[in-house]
Amino acid sequence: MKEGIHPEYREVVFLDQQTGNKFVSRSTLQTRESIELDGKTYPLFKCEVTSESHPFYTGAQTRIVETGRVEKFRARFARTTGTVKKG
């Protein structure tokens with residue numbers, strides 16, 4: 001590899017701002033903030049969403065879709081019978 005043309009590849013701490021979860025990964029990100037973790041100082045990158053908080057990975061998305069299906073069924077059922085049984 002040629003010297004001086006590649007970005008610095010180093011360990012960086014990623015912080016999920018929704019859950020507070022921190023994890024270390026290697027990256028070329030340039031950050032101004034740093035954090036001390038396990039006795040070492042790392043560059044810090046704050047993330048809005050990670051696999052810890054994203055609905056697709058946490059399963060929250062599935063529950064939202066199921067709730068919508070139940071409500072659609074109840075609305076359709078109410079049109080045909082005139083009453084809706086909740087519970």
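Since the model is a prediction, treat every value here as computed from it, not as a measurement.
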- Message: Set out, in order, the CA-CA distance, both residues' side-chain angles and the distance that settles side-chain contact (heavy atoms from CB on, under 4.5 Å) for V12 and V24, then state yes or no.
- Response: CA-CA 6 Å; V12 177; V24 178; over 6 Å; no
- Task: For K22, enumerate each residue passing the salt bridge (Lys or Arg N to Asp or Glu O under 4.0 Å) test, keeping only those at least two apart in sequence or located in another chain.
- Result: none
- Task: Identify the two heavy atoms, one from T31 and one from R10, that lie closest to each other, and give their separation to 0.1 Å.
- Result: N-NH2, 3.9 Å
- Message: Distance check, rounded to the nearest 0.5 Å: L44 atom CG versus L15 atom CG?
- Response: 5.5 Å
- Task: With sequence neighbours excluded, give me every salt bridge (Lys or Arg N to Asp or Glu O under 4.0 Å) pair touching residues 37-46.
- Result: E11-K40, E33-K46
- Task: For F14, enumerate each residue passing the ring-ring contact (aromatic ring centres under 6.0 Å, His included) test, keeping only those at least two apart in sequence or located in another chain.
- Result: F23, F45
- Message: Let's go through V49 and Q18 carefully: what are the C-alpha distance in whole Å and the side-chain angles of both, what is the deciding distance for side-chain contact (heavy atoms from CB on, under 4.5 Å) to 0.1 Å, and is it a yes or a no?
- Response: CA-CA 7 Å; V49 178; Q18 292 184 25; 3.8 Å; yes
